[in-house]
Protein chains: 2
Amino acid sequence: MSDAALWAALADPHRRAIVALLLERPRPVGEIVEACGLSQPSTSKHLRVLRDAGLVRVRQDAQRRVYALDPAPIAALDAWLAPYRRLWNDSLDALGRRLDDSEEPPLSKD
Amino acid sequence: MSDAALWAALADPHRRAIVALLLERPRPVGEIVEACGLSQPSTSKHLRVLRDAGLVRVRQDAQRRVYALDPAPIAALDAWLAPYRRLWNDSLDALGRRLDDSEEPPLSKD
DNA sequence: CGGTTATATGCCGGTCAAGGCATGCACCCC
DNA sequence: GGGGTGCATGCCTTGACCGGCATATAACCG
């Protein structure tokens with residue numbers, strides 16, 4: 001059930017910000033601290049939550065700990081999203097038909 | 001920025017369960033109450049959070065309120081996920097490589 | 001070995017959200 | 001209109017989380 005942990009981890013705006021930072025490139029804690037404007041302990045705690053949720057991994061470089069995104073949970077989120085995406089595609093299709101009815105034949109997406 | 005509201009809404013397991021229920025078909029509150037085993041007031045409050053986040057819409061049918069999924073926020077989630085999906089595809093592609101990050105990815109905006 | 005840097009952990013106070021209960025409100029049927 | 005049903009809202013308590021501060025831990029350097 002790390003699913004719950006995953007959602008809980010991403011529920012916090014600061015943690016989403018950290019995840020966004022790590023999307024650009026892996027970073028040591030110090031950089032993350034500066035970037036999100038929190039104290040170092042708070043940041044470390046957020047990183048722990050992210051680590052427990054499997055969202056990030058740590059690599060030790062001397063005294064520094066370099067955090068990097070782990071792509072696996074992203075796949076899990078994507079899997080969760082999949083059934084809903086179907087629904088949304090259907091509705092987009094219907095909407096598009098309604099809006100563009102006068103000019104073009106229904107466009108087939110994709 | 002209903003983005004925060006969206007994440008907060010989906011952070012709760014009960015609310016994700018409700019969303020899953022509504023994926024099958026729209027349902028009146030009574031059905032949702034039975035399905036998720038909460039009291040009716042609690043369920044109504046969860047539905048309010050989902051409504052405020054834009055995830056569900058209500059249709060009134062006599063005394064009943066029939067809730068249905070709104071596909072738009074799903075698109076928002078998908079948009080959020082998109083950059084990470086790229087990363088995850090890359091990593092699948094580079095499975096044989098060491099995850100050493102001495103290379104320097106281009107800095108993106110934001 | 002002692003000092004310094006880099007990060008993690010414990011503790012504490014404040015805040016917020018979740019759930020239950022009682023109640024209010026709108027709508028139906030007789 | 002009166003009673004009953006279906007749902008929403010307000011109040012309250014409890015538990016979780018967040019943030020900061022102080023401190024422990026680990027690794028480097030001279």
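Source: prediction; values computed, not measured. Every heavy atom of this structure was used, including side-chain atoms; hydrogens, water molecules and symmetry mates were not. Numbers restart at 1 for each chain; the letters A, B, ... are given by sequence-line order, proteins then strands.
- Residues V29(B) and L38(A) both approach DNA chain D. Their nearest nucleotides, taken by heavy-atom distance, put V29(B) toward the 5′ side.
- Of the listed residues (L6(B), D70(B), L77(B), V49(B)), just one forms a side-chain contact (heavy atoms from CB on, under 4.5 Å) with L55(B), and that residue is L6(B).
- Look at CZ on R48(B): it is 9 Å from C1' on dT9(D), rounded to the nearest Å.
- The nearest whole Å value for the distance from the CG atom in L47(A) to the P atom in dG19(D) is 12 Å.
- For the pair R64(A) CZ and dA27(D) P, the computed distance is 15 Å after rounding to whole Å.
- With dG19(C), dC28(D), dT7(C) as the choices, the nucleotide that has an atom nearest any side-chain atom of A62(A) turns out to be dC28(D).
- The phosphate of dA18(C) has neither OP1 nor OP2 within less than 4.0 Å of any side-chain N or O from S42(B).
- Rounded to whole angstrom, the span from the CZ atom of R51(A) across to the P atom of dA8(C) amounts to 6 Å.
- With rounding to the nearest 0.5 Å, the separation of CZ in R15(B) from NZ in K45(B) is 12.0 Å.
- Classification of the W80(B)-W7(B) ring pair by plane angle, with boundaries at 30° and 60°, yields perpendicular.
- When each of G30(B) and V49(A) is assigned the nucleotide of DNA chain D with its nearest heavy atom, G30(B) is the one assigned upstream, toward the 5' end.
- For dG20(C), one of the phosphate oxygens OP1 or OP2 lies less than 4.0 angstrom from a side-chain nitrogen or oxygen of S39(B).
- Between H46(A) and the phosphate of dC17(D), there is no side-chain N or O to OP1/OP2 separation shorter than 4.0 Å.
- With rounding to the nearest 0.5 Å, the separation of CD1 in I32(B) from CD1 in I18(B) is 6.0 Å.
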From CA spacing to verdict: side-chain contact (heavy atoms from CB on, under 4.5 Å), R64(B), D61(B): CA-CA 5 Å; R64(B) 266 180 263 159; D61(B) 172 38; 4.2 Å; yes
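- Rounded to a whole Å, the CD atom of Q63(A) is 16 Å from the C1' atom of dA24(D).
- Atom CD of Q40(A) is separated from atom P of dA24(D) by 15 Å (rounded to the nearest Å).
- Looking at the side chain of Y67(B), the nearest of the listed nucleotides dA8(D), dG6(D), dT9(C) is dA8(D).
- Phosphate contact (OP1/OP2 of dA27(D), side-chain N/O of R65(A), threshold under 4.0 Å): absent.
- One interatomic measurement links the two molecules: CG of D61(A) to C1' of dA27(D), which rounds to 11 Å at whole-angstrom precision.
- Between the CD atom of Q60(B) and the C1' atom of dA26(C) there is a distance of 7 Å, given to the nearest Å.
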